Amino acid sequence: MDASHLTAPGRSRSSQSPSPSHSASASATSSIHKRKMASDDHAPPFPSSFSDTRDGALTSNDDLESISARGGGADSDSEDDSEEVGDDDEEDYDASSIRNFTASRLETSVAMVPSGRNTKIKSDNSVKIESSEIPKEVGTGCSGNVAPPTATGSVSGAVVKDEGMKNIFTENLQTSGAYTAREESLKREEESGRLKFVCVSNDGVDEHMIWLVGLKNIFARQLPNMPKEYIVRLVMDRNHKSVMVIRRNLVVGGITYRPYTSQKFGEIAFCAITADEQVKGYGTRLMNHLKQHARDVDGLTHFLTYADNNAVGYFVKQGFTKEIYLEKERWQGYIKDYDGGILMECKIDPKLPYTDLSTMIRRQRQAIDEKIRELSNCHIVYPGIDFQKKEAGIPKKAIKVEDIPGLREAGWTPDQYGHSRFKTVNSLSDQKSLTAFMRSLLKIMHDHPDSWPFKEPVDARDVPDYYDIIKDPIDLKTMSKRVESELYYVTFDMFLADVRRMFANARTYNSPETIYYKCSTRLESHFSNKVQAGLQSSIKIQ
Ligand SMILES: CC(=O)SCCNC(=O)CCNC(=O)[C@H](O)C(C)(C)COP(=O)(O)OP(=O)(O)OC[C@H]1O[C@@H](n2cnc3c(N)ncnc32)[C@H](O)[C@@H]1OP(=O)(O)O
């Protein structure tokens with residue numbers, strides 16, 4: 001066998017005990033393995049006929065491919081893998097190994113399973129995770145801090161808004177985030193039977209073996225730095241379990257882990273989703289199933305894993321941290337050091353309904369929304385203003401500020417009217433005075449020698465691209481119509497905004513050396529002086 005397969009693998013996270021006969025290859029990797037081993041660590045992980053990977057009994061991917069083929073292909077990655085994965089091993093294993101493996105596989109019994117260190121192998125180590133195991137009711141009981149919404153949606157002590165108002169906004173309520181939506185969609189797939197999550201190990205059951213081979217192929221493809229023999233060893237090791245996503249009997253991905261039940265933690269050896277199904281939520285759902293299974297079936301409280309650098313982000317999103325809080329005595333010596341990844345830990349919550357988190361999140365969101373609605377009006381959307389306009393954007397009829405729907409409800413009072421920087425007082429407090437002031441300013445501009453470019457709207461026949469560039473045109477004539485209507489400029493700020501826009505438009509369309517640009521600068525300066533003088537004499541600036 002090519003020794004390079006076993007030399008310093010890119011990832012080397014096996015916690016599997018090397019068999020005595022494996023020592024030669026083990027020494028090749030031991031530079032990064034600093035594991036202390038208990039005496040029963042040396043128990044071979046496979047039945048004796050499989051124990052030495054060098055005899056090719058189990059590590060030939062070709063062997064496993066042949067089983068996979070019998071099963072009609074267990075993985076979408078496997079077609080390509082059958083070439084890619086098998087190539088390395090072709091020289092090392094002969095056809096007899098296929099027979100050995102197949103025969104042994106079919107004869108496999110619990111009695112053949114070695115007494116692995118600290119790990120009791122369950123005789124029924126194939127566990128289908130049924131959705132019926134999932135606690136249906138979450139809320140206070142599960143999260144411990146979520147008050148289930150009451151029928152009326154009220155929480156005692158808070159003011160309840162009237163129902164009429166509530167109806168206005170209910171359609172605008174966002175009921176789920178991206179995480180919940182993905183989880184719910186996959187949950188529905190599970191309920192419809194199109195998708196299932198299973199937990200199996202090498203128990204000799206044909207279907208399980210086919211799935212394990214499919215999963216092995218995905219790992220081989222998705223974890224290219226991992227020696228393929230190493231992947232096979234661990235996936236087929238009876239101390240390891242694999243939680244898999246199966247869709248229409250094809251493996252979509254999975255996680256292979258070793259539960260150290262006496263230590264109450266598990267080590268995730270491999271985790272991968274087939275290439276074309278990544279970033280669709282399978283990885284998250286898989287991890288949630290794993291956590292639920294590991295807690296409820298294996299009795300684990302923590303997971304540890306050496307995460308590939310480029311997968312750290314995924315593990316962080318699954319609740320893993322780089323800080324290891326688990327007491328060292330519980331895990332040191334059980335998992336191997338690995339220099340190609342980052343050791344990460346995840347605490348398994350004793351109560352969380354991992355496979356039904358979406359329901360819990362939905363209820364929490366609902367409870368928070370209810371609370372916000374009781375404390376604030378921000379969720380209420382009022383109908384807009386029926387703002388029918390005639391020429392020059394002038395409204396057909398005056399709209400009183402206090403008639404704007406929702407303004408009063410938001411706390412506005414009439415004394416806040418005209419809260420602009422140039423708040424009008426005294427003589428300009430009524431519309432007539434305001435109109436007179438604006439009219440005089442327009443006349444001042446109109447009489448100025450630099451006003452000629454601004455007197456009329458720009459004619460598109462003269463300047464064809466003007467309205468492509470200037471989206472908000474304005475001119476003195478249009479402003480005059482607005483002033484005279486007495487319906488448009490209800491504050492002085494609105495008038496000022498139009499004047500400023502008129503000059504800004506001129507400087508946007510024209511370059512600084514043009515007469516138009518220069519006119520705009522001069523006229524604006526003249527205007528500003530007059531405004532200051534006018535305001536000082538007739539109104540106060542606040
Ligand atoms: C112990 C180990 O085996 S380490 C090696 C891990 N495996 C690999 O790197 C193999 C290649 N990658 C994969 O197989 C998959 O992408 C996995 C297993 C890492 C993740 O499975 P996916 O189905 O893609 O994850 P899922 O769709 O649930 O994504 C969950 C979140 O993690 C993010 N995410 C997924 N992969 C990564 C990544 N490599 N790095 C950072 N973030 C990631 C997703 O964007 C998503 O974020 P969001 O919830 O904010 O939208």
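Quick caveat, the model's predicted, so the values are computed rather than measured. We count ligands from 1, going down the list as the structure has it; atoms in each ligand are counted the same way.
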Quick one: does R238's side chain have a donor or acceptor within less than 3.5 Å of a partner on N202's backbone?
yes

Looking at T180, is its backbone amide N or carbonyl O close enough to the side chain of S358 to form a donor-acceptor pair, meaning the two atoms are under 3.5 Å apart?
no

What do we get for Y306 next to ligand 1 when only non-hydrogen atoms under 4.0 Å count, side chain, backbone, both or neither?
backbone

With atom 12 (N) of ligand 1 as the reference point, say which of R182, M226, Q278 has the nearest heavy atom.
Q278

Can you figure out which of Y314, F270, Y282 has its heavy atom closest to atom 34 (N) of ligand 1?
Y314

F265/H302 aromatic ring centres below 6.0 Å
no

Any N or O on [X] sitting closer than 3.5 Å to an N or O of ligand 1?
X	answer
F315	no
C271	yes
K280	yes
I273	yes
K317	yes
A272	no

Does ligand 1 have an atom under 4.0 Å from some heavy atom of F219?
no

Using a strict cut-off of less than 4.0 Å between a Lys/Arg side-chain nitrogen and an Asp/Glu carboxylate oxygen, indicate whether E345 and K322 qualify as a salt bridge.
no

Could you list the atoms of ligand 1 found under 4.0 angstrom from a heavy atom of [X]?
X	result
N310	38 (C), 39 (N), 40 (N)
V279	22 (P), 23 (O), 24 (O), 27 (O), 45 (O)
T305	1 (C)
T284	26 (P), 28 (O), 29 (O), 30 (C)

Scan side-chain atoms only and decide if [X] and [Y] contain a donor-acceptor pair under the 3.5 Å cut-off.
X	Y	value
Y257	D298	yes
Q263	E329	no
T274	R247	no

Taking only residues two or more places apart in sequence, or in another chain, which ones meet T284 in a side-chain contact (heavy atoms from CB on, under 4.5 Å)?
Y179, E183, N288, Q318

Name all residues meeting the side-chain contact (heavy atoms from CB on, under 4.5 Å) criterion together with L186; count only those two or more places apart in sequence or in a different chain, and write none if there are none.
L195, Y282, R285

